[in-house]
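Order of the sequence lines fixes the chain letters, A, B, ..., with proteins taken first and strands second; residue numbering starts at 1 for each chain.
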2 protein chains.
Amino acid sequence: MADRGRPRSFDRERALAAAMLLFWRRGYSATSVAELCQAMGIGSPSLYAAFGSKEALYAEALTLYGERFGPRIWSGFDAGPTARAAIRSLLLDSAGTLAEGACGCMVTLANIGEPAACQAQALLAGMRAAILEKVTSRLAAAQAEGELPATVDVAALGRFYLGVQQGMSVQARDGATQPALAAMAEVAMAAWPGP
Amino acid sequence: MADRGRPRSFDRERALAAAMLLFWRRGYSATSVAELCQAMGIGSPSLYAAFGSKEALYAEALTLYGERFGPRIWSGFDAGPTARAAIRSLLLDSAGTLAEGACGCMVTLANIGEPAACQAQALLAGMRAAILEKVTSRLAAAQAEGELPATVDVAALGRFYLGVQQGMSVQARDGATQPALAAMAEVAMAAWPGP
DNA sequence: GTCTTTCTGTGGTGTTCGATACAGAAATCC
DNA sequence: GGATTTCTGTATCGAACACCACAGAAAGAC
């Protein structure tokens, strides 16, 4: 916003990434500003000057998470030539990505506890709804194109495959390995509506 | 422990149930002792005399949750004549139970944030591990009895069906209705290894 | 150099956190 | 009845919470 004055002594993106990791592992309520400051390597006034509040920082961390890990999970889905291939990519890419940090998907597992944090809660609800919509609309398109029979309930199929991906998050947080999650994904593909 | 002295003026079970509901909806970190006291209708000294600490109260609430809702989800599973019927009962009963409170399974979604609460964390990890073991061992028995082909990876199949149930928790918390969750369950049953 | 602007570090704001000391109240035991 | 035991309500405890005032430091503008 301004190029005059004393320059910031820390890398804003790097600090935000550190905050994201902490929020991801611990959750919103259980992460204190003092812990954030330590992980980010800055004082609290710098944190508030750069990000505004704990909740605003969380919202930015959530957005960064989406930008950084979203493509790893969704690029294969978007590029899939068929809906079946897209879903398969989604699940297998999720298996690889989720097992890495061993804490599951930050968006799926986030559980802010009502009190304040209303803005972040709305952001989370929006992200989750968008994901369900993304999967379901891909399936609906496949049905329109004839890849899926007209008798298939695409809403239920979408909820199902998204549910498998969410279950992978829960199990990744509990220590499931990448091969175990990938095997889950293979089983899930057996539910694809046959011809 | 003693039948002498001034009797407790509140119903311990009822107070514990109120605490469970609050922990369930808000999570451990986001629920304060003051809120618990208000919901339970008692003062904090009574809470500490009756339950010991916030963490011990959480552990008791978790156990009560298991006793109260466990049978609603697992009795059909246990009574199922075949593994397939057991899994189907598990998913359909989960659809009914999870959609009720609109906050998913307390055990599946619980996310304590490392700091203290080590005892409760261990309890949770144990409950989750026991659930996976329960599902997997039922499938292994089915395989031994010939219900499932020897080529089936029962570990993967168990993780898959448990994952679907966990995904149902996530979506229930996001407002999915009972019919929507039941439809998910039906789709999941299509993945059952065919003959 | 001097001025202006912006950031950093110290220290502290009031509040709320989880957890208690203490005195009085309510029961049983003798 | 009195003695003993246990619970309840008030009124906190120190610590940690999210957050910020303020003075000094570090940059560009002139």
- Nucleotide nearest Arg8(A) (side chain, heavy atoms from C-beta), chosen from dG18(C), dC7(C), dA18(D): dC7(C)
Are there any protein N/O atoms within less than 3.5 Å of an N/O atom in nucleotides 24-26 of chain D, and if so, which ones and at what distance?
from	atom 1	to	atom 2	distance (Å)
dG24(D)	N2	Arg6(A)	NH1	3.3
dA25(D)	N3	Arg6(A)	NH1	3.4

- Item | Value in whole Å for how far the P atom of dC7(D) lies from CG of Leu47(B) | 13 Å
- Is the backbone of Ala83(A) close enough, under 3.5 Å, to the side chain of Glu147(A) for a donor and an acceptor to pair up by distance? yes
- May I ask you to check if Arg8(B) and Phe10(B) form a cation-pi contact, with NZ or CZ under 6.0 angstrom from the six-membered ring centre and within 45° of the axis? yes
- Task: Rounded to the nearest angstrom, tell me the gap between atom CG in Leu22(A) and atom P in dA18(D).
- Result: 11 Å
- Taking only side-chain nitrogens and oxygens of Ser9(B), does any of them come within less than 4.0 Å of OP1 or OP2 of dC7(D)? no
- Given atom OH of Tyr58(B) and atom C1' of dA19(C), what is their separation to the nearest angstrom? 20 Å
- Message: Output the rounded distance in Å from NZ (Lys54(B)) to P (dA16(D)).
- Response: 15 Å
- In whole angstroms, how far is the C1' atom of dG18(C) from the CD atom of Glu35(B)? 13 Å
- Rounded to whole Å, CG of Leu36(A) lies from P of dC17(D) at a distance of 10 Å
- Query: With a 3.5 Å cut-off and just heavy-atom distances, do the side chain of Ser44(A) and the base of dC20(D) make a donor-acceptor pair?
  - Reply: yes
- Item | Those residues that, when tested against Phe77(B), pass ring-ring contact (aromatic ring centres under 6.0 Å, His included) (two or more places apart) | Trp74(B)
- Message: List the residues meeting side-chain contact (heavy atoms from CB on, under 4.5 Å) with Arg14(B), not counting sequence neighbours, and say none if there are none.
- Response: Asp11(B)
- Task: Write down the distance between CD1 (Ile42(B)) and C1' (dC7(D)), rounded to a whole number of angstrom.
- Result: 11 Å
- Please determine if a side-chain N or O atom of Tyr48(B) lies less than 4.0 Å away from the OP1 or OP2 oxygen of dA19(C). yes
- With a non-hydrogen cut-off below 4.0 angstrom, is Phe10(A) in contact with a base, only sugar-phosphate, or nothing? sugar-phosphate
- Item | Among dC29(C), dC17(C), dT8(C), the nucleotide that comes nearest once only the side chain of Arg4(B) is considered | dC29(C)
- Item | Any donor-acceptor N/O pair, Lys54(B) side chain to Tyr28(B) backbone, under 3.5 Å | yes
- Task: Establish, yes or no, whether a centroid distance under 6.0 Å links the rings of Trp24(A) and Tyr58(A).
- Result: no
- Distance, rounded to the nearest Å, where Arg12(B) contributes CZ and dT8(D) contributes C1': 17 Å
- Message: Just N and O in the side chain of Ser46(B): are any of them under 4.0 Å from OP1 or OP2 of dC7(D)?
- Response: no
- Message: Here's one to test your reading of the geometry: is the NZ or CZ of Arg159(A) within 45 degrees of the ring axis of Tyr161(A) and under 6.0 Å from its centre?
- Response: no
